[in-house]
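Bear in mind that the values here come from a model prediction, so they are computed numbers and not experimental data. FYI, the numbering just counts along the sequence from 1.
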Amino acid sequence: MSGSGAAPGPGSGSSPAACRFAHYFVLCGIDADSGLEPDELAGENFDQSPLRRTFKSKVLAHYPQNIEWNPFDQDAVNMLCMPKGLSFRTQTDSRDPQFHSFIITREDGSRTYGFVLTFYEEVTSKQICTAMQTLYQMHNAEHYSSVYASSSCSMDSLASSIDEGDTTSLLKLQRYNSYDISRDTLYVSKSICLITPLPFMQACKKFLIQLYMAVTSQQPPPLPLESYIHNILYEVPLPPPGRSLKFYGVYEPVICQRPGPNELPLSDYPLREAFELLGLENLVQVFTCVLLEMQILLYSQDYQRLMTVAEGITTLLFPFQWQHVYVPILPASLLHFLDAPVPYLMGLQSKEGTDRSKLELPQEANLCFVDIDNHFIELPEEFPQFPNKVDFIQELSEVLLQFGIPPEGSLDCSESATKLKNLVLKDLVNDKKNGNVSANSISMYELLKGNETIARLQALAKRTGVTVEKMDLSASLGEKEKDLKLHCEEAELRDYQLNVQLREVFANRFTQMFADYEAFVIQTAQDMESWLTNREQMQNFDKASFLSDQPEPYLPFLSRFIETQMFATFIDNKIMSQWEEKDSLLRVFDSRIEKIRLYNVRAPTLRTSIYQKCSTLKEAGELSRQRLSAVDIVAPEPHDFCAERQQVDTQSIEQRLTKMDHTAIHPHLLDMKIGQGKYEQGFFPKLQSDVLATGPTNNNRWVSRSATAQRRKDRLRQHSEHVGLDNDLREKYMQEARSLGKNLRQPKLSDLSPAVIAQTNWKFVEGLLKECRMKTKRMLVEKMGHEAVELGHGEANITGLEENTLIASLCDLLERIWSHGLQVKQGKSALWSHLIQFQDREEKQEHLAESPVALGPERRKSDSGVMLPTLRVSLIQDMRHIQNMSEIKTDVGRARAWIRLSLEKKLLSQHLKQLLSNQPLTKKLYKRYAFLRCEEEREQFLYHLLSLNAVDYFCFTSVFTTIMIPYRSVIIPIKKLSNAIITSNPWICVSGELGDTGVMQIPKNLLEMTFECQNLGKLTTVQIGHDNSGLLAKWLVDCVMVRNEITGHTYRFPCGRWLGKGIDDGSLERILIGELMASAADEDLVKQCRTPPQQKSPTTARRLSITSLTGKTTKPNAGQIQEGIGEAVNNIVKHFHKPEKERGSLTVLLCGENGLVAALEQVFHHGFKSARIFHKNVFIWDFIERAVAYFETTDQILDNEDDVLIQKSSCRSFCHYVNAINTAPRNIGKDGKFQILVCLGTRDRLLPQWIPLLAECPAITRMYEESALLRDRMTVNSLIRILQTIQDFTIVLEGSLIKGVDV
C-alpha cells in the first residue's frame, strides 16, 4: 500500500472496490506456529521482564486478498496495526481495549486510512505459555545474580516503583514480576482493523467496538461475524460528496456523512482533543512550523493522540496540503526514518518513564519537538510568527470558550474520557445480555458519558427516527438519565460544530492573506505539455511583487512560506486548472475568495494588516446539521445469503442509492460450511475466507455512479487522456514538475531489508543534491539582475527580505546534509559539531608544527608601494571570529553565522571542501551511506556552492549589525609629487550605512592604522584632513583603503587631490566616496569566463575633479554632458522606486562617479573661461560667490509682481545657503563647497529655482564663453525640467556630507 500502487485510472472504474466504504478487514496477532519471536527491530531492552518485552506480530488474515489499485501491503499494515508488536498480560494486569487509527501515504502522495481496535485474548497454546515461563526463569536467574552482585542494582522499570528501603522488596519483585504457568492466565494482544479510502474515523470506531462487543458477550451475536464483515466490505458504498449514509453494525446502525464539493474537506478527528492536548498557543506555533515545512516530531505514549494532533493540524492547512514525509505513527522498527534529511511530520511513541533528554534525535537544527503528554513544545531558532498571531489566538480563544474549552488546553479532559471509555467496554464485556442493556442493569447513558462514539451514534439514531432493536430505554429512564441522554446528544453535536467553526477561522485567515494571489500567478505556457516539460526552469509566481504588496508585519512569515513546497504545489494546481478539472481544495478556496470580493468590495491592491474576523461561523455548520438529520442513503443491512434466502441484486442496491424511503435489508447468513463460524466467548473466531474473499457481482451501475468522485484519485492518468502522452513519460514529467524532493517525500514503510534502506538513503542523497542545485540556481538568478534577464531568466528583482529567506533556507539545507547518516549526534547543530572537531584536530597539529598558511588575496599595491598586508584565508580563523561574537548563544546560531560569513567572503565552497578533506574525521562521524561520504555527489554539491561566488552577498554584515568589527586603513600618498613626511596632524573619519567612527587622529607619519568599532555596514565615505601645522603641511593623497578584517571586504576611496592651504582649491579636508574592490577570487572568475564582471554594488569609481580634467583628457561635448545629467537624475529616481530596505547608498548617486554633483560640475565647467587668470586657479565656487555678491547688492526689477516675490525668495535662499557653507567651521576647499551646495539644494528642492538665477546673473558673461551651456536658454530650461523630477522624493543626506553647515 505504500508501494507502487497508483490510484485507479479511468479504465478501472468498473472495479467495485473503487466506491466501497471499506477496502480491507484485517486481523493481526500471534502466530501459534512460529511462537514467540523477539522483535529486534523495536530495539527492545532484554533487561526488561518478558511480559514487558515486545514480540513479533503477524497479519493472521485479511479480506479480500487484494485490490488491484490499492495492493495490500502486509508489512506496513502489520507494523501500524501493532506498532509495538505483541504485548502480553496476566490476569493481574489491566487489559482494556485500545482504539487507534493510522495512515499510509503511498509514494505518489495518496492516502489510505486504518482504524484499529486492540484487545487481549487468552493464550490457549501450551507451547507459548511454556516458552513464556522459560523466559521468566532465565530472566529471574539473571536478576538475582545482579542483585546480589551489587547493592546498586538497576531494577526493572516496574521494580523501580518499589520502595527500596523495604527488606522484602526482592520477594515482592519476584512475586509481582513473574509468570507461573500453574497459577497465572496469559493474555496476548490481537487487533481488528478496517482499511478505508476516506477517514470516517467515528463510523469505523463504532463498527469495530460493536464487533468486539459481539466477541466478548456471553451470548453469540445475531449472525456470524462474517455476515457483518462481508456487509461492510462489499455492500456499504462510500457516500457521494454532500450526502449522508446509514449502515449496520452488529447491534446498532452507524451514520456518517461526507461534505459537499463546495465545503471544507472531510475531517472526522475531533479538533477539541487536539486543542486540549496542546493548548491554543502551542498549537498555533506547531501549525506555523508545519506551514514553513520544518521537521515536526510528535511525541506521546498514546498512538491515537499522535494521530489526533497530526490529522488535526494538517486538516487546518486548507487550502494547502502537506507535501513531505507524513508518518503520524512511526513504528519502533522504523526509527532510522528520523534520519531523513527532508521536512517531515512524524509521530513517535514515547516509552513509559522515558524523558525527552534521553531521546537521541539525528538532527535538531530545524526541528519542532512536540511532547503531547507534557503539554510542551521546542521550537527551531529563527522562527517567524504567524501574521496577526495575537488577534488570531484571541479569535480562536473566543470560539473555544463558547464551547467551554480552556484555551490553555487541558490534558485531564482527554485522560478521563479515555479511562471512562475503557470502563464502559469492560462493563459491556461482563454484560449478561449480549450487549443489549436492560433498563435496570447498566445504564446505557452511564456508558455514553465516557464514550463519545456511542453517544454520537445514539444522538444520530434519535434524530433520524431509527429505533434500535431491544434498546428502547426511554420507558424506564429516570430523570437523571434523561438529562444525561440530552447532555450526550448535545456534546456530540457541539464537538461537530466546534470542528466546523475552528476550521472556518483558519480557512478565513488564508482567504484574507491570499485574497489576491491570482494576480501574481505567472501563466506563460500555451499548453500543458510544454508547461510540464519546462516546469523546473519556470517561475510560476511573482514573489517580489506579491511581497511588496503585503503589510510589513506579515513579511517575515510570508517570505518563507511562499518558498515552500506546499505553496508551489498550490500554484501549480492553479496553473493546471487551465487544462483540467480544478483541484477540489483549490475550487473551494477560489469560491471563498469570490464571496469575499462580493461582500467586501475591497480594492484588490489595498493590503491592510488590520485583523478581519471570520464572519461565516454561524452558517458554517448548517449544511452538515441538515445532512445529519436527513439520511440520504441507507446501506443494505447484513442479511441471509443462503441459496434459499433472498439474493442481493444490483437493482435493489441502485434503488437504495437513489431513494431514501426504503427499508434496509438485514445482515444475512453467508453460504457457509456447517460447523464453521462457531461462537466461543472472548475469542475472535477464525473467519471463513472463502465467503469473505469476494463480494456480490454485477455492481457496475452502482460503481459508475460513485466513480466520478474517484476519477480525481489519479490525476496523472487523467492527464494522459487529455494530452495523449505515454503514461510512463507523463508520470516522469509530473514527478519532475513537482519540484524539489517531492519524489522522495514518502519512504516505503514495508520492506526493511538492508538493500531497501540503502535505496531509500540513496534517494535522500539524490534529493539533497537536486535541492542544492535548485537553491543555488535560484539564489544566482535572483541576485545577478540584469545579466540574468538578458540570459532569459525572468525579471531582475530581489528584495533583501527574499535574499535573507533564500540564505536561511540554504543554512537549513546544509544542516540537513550534515545531519544525514550521523554516527553519533553531538549538540543541536551537526555542522557546527563537525567544525568544532575539525578545529580541535587542526589546533593540535598547529601546536606540533606550524601549519602552512592558506594563500589569501594578493597584497594590494599602489603607485607609492604602500599596501594593505595580506589577509589570511583560514577556516579556523573564521570560526574564531564567530566564537568571539557574544551575541550568538547557540550552536545552530553559530553555524548559521559561519555560513553567512563564508558566503559573504566567497569562501563557502572552499571552506567546506577543506572541512571534508579530513577524511579520517568524516569517516569517524558519518555512516557509509551518508551524503558527505558519497564522493561524486559531494563534489557536485561543492561545485554548486562555488557558483555562488559569482555574486556579492552582504548577508553577514547586514544581519549582525551590533557586533564589534576590527578595521584596517591605509592612506596612500603620491610620493613622487608630495612630501614623504608631513609635519601637520592628520585625521580620518570612516562612515558606512550603519554609522561612523567619529574623527580619529592618525599617528604622525604612520600611514596605516587599525581600529575597532561597531559594525558600520557597507562603507560609503571617508573624511580625511589635517590641521595645516608645521612647515611641510601640504599633502597629495592618491587614495585611502579601508578593510573589514572579518569579512575581508576592502574599499578604495580615491582622492588624487592636495590637502593644504594655497595649493589646489585650498582644502584641508576632503570627503571621499568609496568603491568596493573586487576580491582575488572575483578577479580569477572574471579571467575564466567571458561574461563581463557583475556590477559592483554599487559602482563607485573615483570621481575626477574638473580641474584635473583640464588639459589632460578630451573634454566632454554638450550632448555627453546633457546625457550625463539625465542619467544621474534617472539613477536617483530609480533609487526611490526600490523598496526602502534595498536602496543602497544615496551618497554614491549624489557624489560618486557619474553622480549628480559630477554631472552638474560638467555643466558649470562647459565654456568656463581659462582656468588660470594671472596664474591663479579659478573654480566654479568663484563664480557662485560673485553671483551672491551681485544678488546681495542689486534689487532687480521685473514686470510681474508675483515673479518679483518668487525671484527674491530664491535669491535670499541662495545667498543664505552659500554664506552658511562659507562660514561653516570646516576647512573645505572650493570644489567641496560646491558639492555641499548641490546636495543641500537637492535635499531642499531648491536647485531648479537657483539655476535660472545663475543663468541670468551678469557675472556669467564675464566668466563663460557664449557657447556655454549655461548661456543657452533652451538648455537651461531643459536642465530645470530634469531637476524638477527629483523634487517628489524625500532626500536624506549622510551626516558626513553636511557636517557643521547650519542652514
- [ ] Determine, using ring centers only, whether Phe369 and Tyr299 are less than 6.0 Å apart.
- [x] yes

Task: Gln301 backbone acceptor or donor facing Ser350 side chain under 3.5 Å - done: yes

Open item on the list: Please check this pair: side chain of Asp31 against backbone of Lys58, looking for a donor-acceptor N/O pair closer than 3.5 Å.
Closed with: no

- [ ] Check the angle between the aromatic planes of Phe119 and Tyr212 and answer parallel, tilted or perpendicular using the 30° and 60° thresholds.
- [x] tilted

TODO: Determine the minimum heavy-atom distance between Ser101 and Ile329, stating which atoms define it.
DONE: O-CD1, 3.1 Å

Task: Arg89 NZ/CZ over Tyr187 ring centroid, <6.0 Å and within 45° of normal - done: no

- [ ] Report yes if the side chains of His820 and Lys927 come closer than 4.5 Å at any heavy-atom pair, otherwise no.
- [x] no

Task: Rounded distance (nearest 0.5 Å) linking atom CG of Leu233 with atom CZ of Arg20 - done: 7.0 Å

- [ ] Answer yes if the side chains of Ser191 and Thr118 hold a donor-acceptor pair under 3.5 Å, and no otherwise.
- [x] yes

- [ ] Evaluate side-chain contact (heavy atoms from CB on, under 4.5 Å) for Leu338 paired with Leu348, printing each intermediate quantity in order.
- [x] CA-CA 10 Å; Leu338 293 173; Leu348 187 62; 4.2 Å; yes

TODO: Give, for atom CH2 of Trp322 and atom CZ of Arg111, the distance between the pair rounded to the nearest 0.5 Å.
DONE: 10.0 Å

- [ ] Looking only at non-hydrogen atoms, find the nearest pair between Leu198 and Leu266 and report the distance.
- [x] CB-CD2, 4.0 Å

TODO: Determine yes or no for a side-chain-to-main-chain donor-acceptor pair under 3.5 angstrom, with Gln295 supplying the side chain and Val342 the backbone.
DONE: yes

Task: Closest contact, heavy atoms only, Thr308 versus Ala274 - done: CG2-N, 4.0 Å

Open item on the list: So which atom in Val254 and which in Gly249 form the shortest heavy-atom distance, rounded to 0.1 Å?
Closed with: CG2-N, 4.5 Å

TODO: Just jot down the side-chain contact (heavy atoms from CB on, under 4.5 Å) partners of Ala310, sequence neighbours excluded, or say none.
DONE: Leu298, Tyr326, Pro328, Leu345

Task: N/O donor-acceptor pair under 3.5 Å between Asn66 side chain and Phe72 backbone - done: yes

TODO: Check whether any side-chain heavy atom of Tyr120 sits under 4.5 Å from a side-chain heavy atom of Pro97, and report yes or no.
DONE: no

TODO: Answer with yes or no after comparing the ring centroid distance for His324 and Tyr344 against a 6.0 Å cut-off, counting only values under it.
DONE: no

TODO: List the steps and the verdict of side-chain contact (heavy atoms from CB on, under 4.5 Å) for Leu297 and Cys368.
DONE: CA-CA 6 Å; Leu297 183 63; Cys368 170; over 6 Å; no

Open item on the list: Once rounded to the nearest 0.5 Å, what's the spacing between atom CG of Leu211 and atom CD1 of Ile229?
Closed with: 5.5 Å

Task: Minimum side-chain heavy-atom gap Lys190-Leu27 below 4.5 Å - done: yes

Open item on the list: Does any part of the side chain of Ile192, heavy atoms only, come nearer than 4.5 Å to the side chain of Phe115, both counted from C-beta?
Closed with: no

TODO: Output the distance between atom CD1 (Ile195) and atom CG (Asn70), rounded to the nearest 0.5 Å.
DONE: 8.0 Å

Open item on the list: On a heavy-atom basis, which atom in Val250 and which in Gln210 lie closest, and how many Å separate them?
Closed with: N-OE1, 3.1 Å

Task: Min side-chain heavy-atom separation Leu822-Tyr926 under 4.5 Å - done: yes

Task: Test item: Glu121 and Ile30 side chains (from C-beta on) under 4.5 Å apart, heavy atoms - done: no

- [ ] Give, for atom CZ of Arg183 and atom OG1 of Thr92, the distance between the pair rounded to the nearest 0.5 Å.
- [x] 8.5 Å

- [ ] Assign the ring pair Tyr303 / His100 to parallel, tilted or perpendicular, where the plane angle (0 to 90°) is split at 30° and 60°.
- [x] tilted

Task: Verdict with supporting geometry, Glu122 and Thr185, side-chain contact (heavy atoms from CB on, under 4.5 Å) - done: CA-CA 7 Å; Glu122 189 180 328; Thr185 310; 3.6 Å; yes

TODO: Locate the shortest heavy-atom distance separating Asp371 from Asn374; write the atom from each residue and the value.
DONE: OD2-ND2, 2.8 Å

Task: Test side-chain contact (heavy atoms from CB on, under 4.5 Å) applied to His375 and Leu278, step by step - done: CA-CA 5 Å; His375 221 63; Leu278 289 186; 5.8 Å; no

Open item on the list: For a 4.5 angstrom cut-off between non-hydrogen side-chain atoms, does Leu225 reach Val215?
Closed with: yes

Task: Aromatic plane relationship, Phe21 with Phe200 - under 30° parallel, 30 to 60° tilted, over 60° perpendicular - done: parallel

Task: Partner set under side-chain contact (heavy atoms from CB on, under 4.5 Å) for Ser57, not counting sequence neighbours - done: Asn78, Met82, Leu86

Task: Near-ring test Phe55/Phe88, centroid separation under 6.0 angstrom - done: yes

Task: Close side-chain approach of Ile67 and Tyr24, heavy atoms under 4.5 Å - done: yes

TODO: Kindly compute the distance separating OH (Tyr269) from CE (Met201), expressed to the nearest 0.5 Å.
DONE: 6.0 Å

Task: Ionic contact status for Arg305 with Glu276, cut-off 4.0 Å - done: no

- [ ] Output all residues satisfying side-chain contact (heavy atoms from CB on, under 4.5 Å) with Asn366, sequence neighbours left out; order by chain, then residue number.
- [x] Met294, Pro380, Asp812, Arg896

